[in-house]
Amino acid sequence: MYDYLIVGAGFAGCVIAERIASQLGKKVLIIDKRNHIAGNAYDYYDKNGILIHKYGPHIFHTSSKKVWDYLTNFTEWIPYEHTVLAVVNGKKIPVPFNLNSLHQVFPKKIAIKYETLLLEKYGYGLKIPILKLLENKEKDFKVIADFIYQNIFYGYTLKQWGLKPEELEFSVTSRVPVFISHDNRYFQDTYQGIPEKGYTELFNNIIKNKNIEILLNIDYKLNSSSIKFNRLIHTGTIDEYFEYKYGKLPYRSLHFDFKTYKQEWFQEVAQVNYPNDFEYTRITEFKHFQSRLLDYRKSKRTTVAYEYPQEYILGKNEPYYPIQNEINNELFNKYKKESEKLKNTFFVGRLADYKYYNMDQIVGVALMKFEKEIVK
Ligand code: FAD
Ligand code: UDP
């Protein structure tokens, strides 16, 4: 008999398991239907010795000292600050779109004029979501906003979500705001890095505790009655748990096409976005994440992933992204209400909360869940 059964060995499941095991001394069983731990943060070395993020580029960034300190108990970090380029009219320009991008896409005189206007209106360092910038109807601002919307957001968002930017919750495109700055980094968080030995090793350290057992290749749906436990923590999709009684929650899926090339490097930075061309949204070159390790830089091959967004089809592919908008959030709230009626059953995680969480956010949420609900 386990004190806790945890469904899902991603950040949500493993962080809560660690807290329960180390702080309460209780017995925990974690199950995952996949054949590995670490959820979507899973990484592995391919046959060329390159560390691959199986489910797409995962860059750790946070401004929460609490989250950073917690994870630092389990890993050293390689300093890494993400920079992304987007191909626009044949040029590779920094994204989030910033003052450097502006100078690359407009002739010099016009770029200087627009830069002055943006600085006067918003001030250096301001981040402004594209949908907000579009509300400014003054002539020059409209030209700038329309350009960014058309060339950076429209095509990418249609590919990524099958929807236009304005059909998604405002927060989605606001993740990549226009940045009135010359700072080319994708994130400005205080703490940024890649776990020194990879995410999977970080997870191995998190769950290294005599009170934690782990079983892989076990789907909760098919095995719930054969495991004896007192309390359940579910980090999978909430609609699946309730057998889709109110209908299916929409998610977005992806297909990753991995290619290895016989050359040292493929592209200038880890991530190049293609908002306007091709069916893929971005290409990730994994070696960049660990380029500070000398041996790694010497490798004569490189592996990249082309990312193709897809409709999520239950049983066929993976539910990577909740599609947050008013209708879907309403449906989620029905499940949430249902979940609140259950005793000794807790829901936490990107899939269970139907929230577009980054890794640091889900670690923060899991720590909070433990402190506020589990300890009680
Ligand atoms: P998950 O990692 O999805 O783990 C849930 C686990 O539950 C899975 O392993 C699943 O197999 C298991 N499970 C589900 N149902 C069942 C069942 N019935 N039985 C057994 N097991 C089950 N975040 C960042 O901070 N930085 C990034 O750069 C970043 N890049 C990303 C790129 C992509 C393409 C994606 C999809 C996400 C990215 N994220 C990034 C987000 C990050 O992956 C999530 O925040 C994090 O993985 C969420 O952890 P979780 O434990 O909630 O969910
Ligand atoms: N986005 C875009 N163009 C870009 C980058 C992002 O339109 O070049 C939009 C798109 O809608 C995307 C969202 O901003 O889904 C969030 O981007 P982010 O890079 O945070 O996505 P993730 O890494 O989570 O897939």
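Counting starts at 1 for both ligands and their atoms, following the listed order. Both backbone and side-chain heavy atoms feed into the values below; hydrogens, waters and symmetry mates do not. Since the structure is predicted, the reported quantities are computational estimates derived from the model, not experimental observations.
Considering backbone and side-chain N/O of Pro275, none are found under 3.5 Å from N/O of ligand 2. For ligand 1, the polar-atom distance check against Tyr321 finds no nitrogen or oxygen pair separated by under 3.5 Å. Checked by distance only, ligand 2 and Tyr156 stay at 3.5 Å or farther apart across all their nitrogen or oxygen atoms. Backbone and side-chain nitrogen or oxygen atoms of Tyr220 are examined, and one is located within less than 3.5 angstrom of a nitrogen or oxygen of ligand 1. Checked against a 3.5 angstrom limit, the closest N/O atoms of Leu351 and ligand 1 fall outside it. The distance criterion of under 3.5 Å between nitrogen or oxygen atoms is met by Lys33 with respect to ligand 1. At a 3.5 angstrom cut-off on N or O pairs, Thr173 does not count as close to ligand 2. Of the N or O atoms in Gln271, none lie within a sub-3.5 Å distance of an N or O in ligand 2. For a threshold of 3.5 Å applied to N or O pairs, the pair formed by Phe11 and ligand 1 contains at least one separation below that value.
The Val7 neighbourhood of ligand 1 comprises atoms 16 (C), 17 (C), 19 (N), 20 (C), 21 (N), 22 (C), with distances under 4.0 Å to a heavy atom of that residue. Applying the 4.0 Å criterion to heavy atoms of Gly349 picks out, from ligand 1, the atoms 52 (O). Within the listing of ligand 1, atoms 14 (C), 15 (N) sit less than 4.0 angstrom from a heavy atom of Gly236. Those atoms of ligand 2 that come under 4.0 Å of a heavy atom in Gln160, given as number and element, are 15 (O). Under a 4.0 Å criterion applied to the non-hydrogen atoms of Val172, ligand 2 contributes the atoms 13 (C), 14 (O), 16 (C). Those atoms of ligand 2 with a heavy atom of Trp161 less than 4.0 angstrom away are 11 (O), 12 (C), 15 (O). Each of the following atoms of ligand 2 lies closer than 4.0 Å to a heavy atom of Tyr186: 5 (C), 18 (P), 19 (O). Of all the atoms in ligand 1, the ones that sit under 4.0 Å from a non-hydrogen atom of Tyr55 are 33 (C), 34 (C). Per-residue contacts place Gly8 under 4.0 angstrom from the following atoms of ligand 1 (heavy atoms of the residue considered): 6 (C), 7 (O), 12 (C). Near Thr235, meaning under 4.0 Å from one of its heavy atoms, ligand 1 places the atoms 5 (C), 7 (O). Near Gly39, with a cut-off below 4.0 Å to any heavy atom, the atoms of ligand 1 are 2 (O), 4 (O), 9 (O).
The shortest heavy-atom distance from Tyr357 to ligand 1 is under 4.0 Å. Judged by the shortest distance from any of its heavy atoms, Tyr154 lies outside the 4.0 Å radius around the atoms of ligand 2. Under a 4.0 Å heavy-atom criterion, Glu240 is in contact with ligand 1. Residue Thr62 places every heavy atom at 4.0 Å or more from ligand 1. The closest approach between Tyr42 and ligand 1 stays at or above 4.0 Å for every heavy atom of the residue.
Summarising the local packing, NZ of Lys197 is surrounded by 12 or fewer heavy atoms from other residues, nucleotides or ligands at distances under 6.0 Å. For Ile313, the CD1 atom sits in a packed shell: over 12 heavy atoms of surrounding residues, nucleotides or ligands are nearer than 6.0 Å.
Here the protein heavy atom with the shortest distance to atom 22 (P) of ligand 2 is Tyr356 OH, 3.3 Å. Closest to atom 3 (N) of ligand 2, if we only count protein heavy atoms, is Ile152 O, 2.9 Å. At the shortest separation from atom 2 (O) of ligand 1 among protein heavy atoms lies Asn40 N, 2.9 Å. Taking atom 25 (O) of ligand 2 as the reference point, the nearest protein heavy-atom neighbour is Tyr321 OH, 2.5 Å. Looking from atom 6 (C) of ligand 2 to the surrounding protein, the closest heavy atom is Val176 CG2, 3.7 Å. Atom 4 (C) of ligand 2 has Asn273 ND2, 3.6 Å as its closest protein atom, hydrogens excluded (heavy atom only). The protein heavy-atom contact nearest to atom 51 (O) of ligand 1 is Ala12 N, 2.9 Å. When hydrogens are left out, the protein atom nearest atom 48 (C) of ligand 1 is Ile362 CG2, 3.8 Å; that is the closest non-hydrogen contact. Regarding atom 11 (O) of ligand 2, its nearest protein heavy-atom neighbour is Thr157 OG1, 2.9 Å.
The aromatic rings of His53 and Phe289 sit parallel to each other, their planes meeting at less than 30°, with 60° as the upper class boundary. Using bins of under 30°, 30° to 60° and over 60° for the plane-to-plane angle, the ring pair Tyr80/His82 lands in the tilted bin. Classification of the His255-Tyr308 ring pair by plane angle, with boundaries at 30° and 60°, yields tilted. The aromatic rings of Phe106 and Tyr114 sit perpendicular, their planes meeting at an angle over 60°, well past the 30° parallel limit.
Among Tyr321, Tyr335, Tyr251, the one residue that satisfies the ring pair (Phe, Tyr, Trp, His ring centres under 6.0 Å) test with Tyr354 is Tyr251.
In this structure, the side chain of Asn329 does not engage the main chain of Glu326 through any donor-acceptor pair within 3.5 Å. Between the side chain of Lys369 and the backbone N or O of Phe347 there is at least one donor-acceptor pair closer than 3.5 Å. Thr62 places a side-chain N or O within 3.5 Å of a backbone atom of Ser64 that can act as its donor or acceptor partner.
If you check each of Leu222, Asn358, Asp219 against atom 17 (C) of ligand 1, the one with the closest non-hydrogen atom is Asp219. The closest heavy-atom contact to atom 29 (C) of ligand 1, among the options Ala305, Pro57, Ala352, comes from Pro57. Taking each of Asp32, Ile59, Val363 in turn, the one with a heavy atom nearest to atom 8 (C) of ligand 1 proves to be Asp32. Residue nearest to atom 43 (O) of ligand 1, selected from Arg350, His58, His234: His58 (by heavy-atom distance).
A side-chain donor from one of Asn205 and Lys208 sits under 3.5 Å from a side-chain acceptor of the other. Of the N and O atoms on the side chains of Asn98 and Asn184, at least one donor lies less than 3.5 Å from an acceptor on the other residue.
In summary, Lys54 and Glu318 do not engage in a salt bridge, as defined by a charged side-chain N under 4.0 Å from a carboxylate O. Using a 4.0 Å cut-off between a side-chain N of Lys or Arg and a carboxylate O of Asp or Glu, Lys132 and Glu135 qualify as a salt bridge.
By the criterion of a heavy-atom distance under 4.0 Å, the side chain of Leu254, and not its backbone, is placed next to ligand 1. Contacts of Glu307 with ligand 2, taken as heavy-atom pairs under 4.0 Å, are absent altogether.
Protein non-hydrogen atoms do reach within 4.0 Å of atom 26 (N) of ligand 1.
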Checklist entry - salt bridge (charged side-chain N to carboxylate O under 4.0 Å, His left out) between Arg34 and Asp32: does it pass, once the steps are laid out? => result CA-CA 5 Å; Arg34 291 175 174 167; Asp32 203 297; 5.0 Å; no

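Looking at Tyr306 and Tyr274, their side chains never come closer than 4.5 Å, going by heavy atoms from C-beta outward.
Considering CG of Leu202 and CZ of Phe60, their distance stands at 8.5 Å, rounded to 0.5 Å. Glu285 CD to Gln267 CD: the interatomic distance, rounded to the nearest 0.5 Å, is 5.5 Å.
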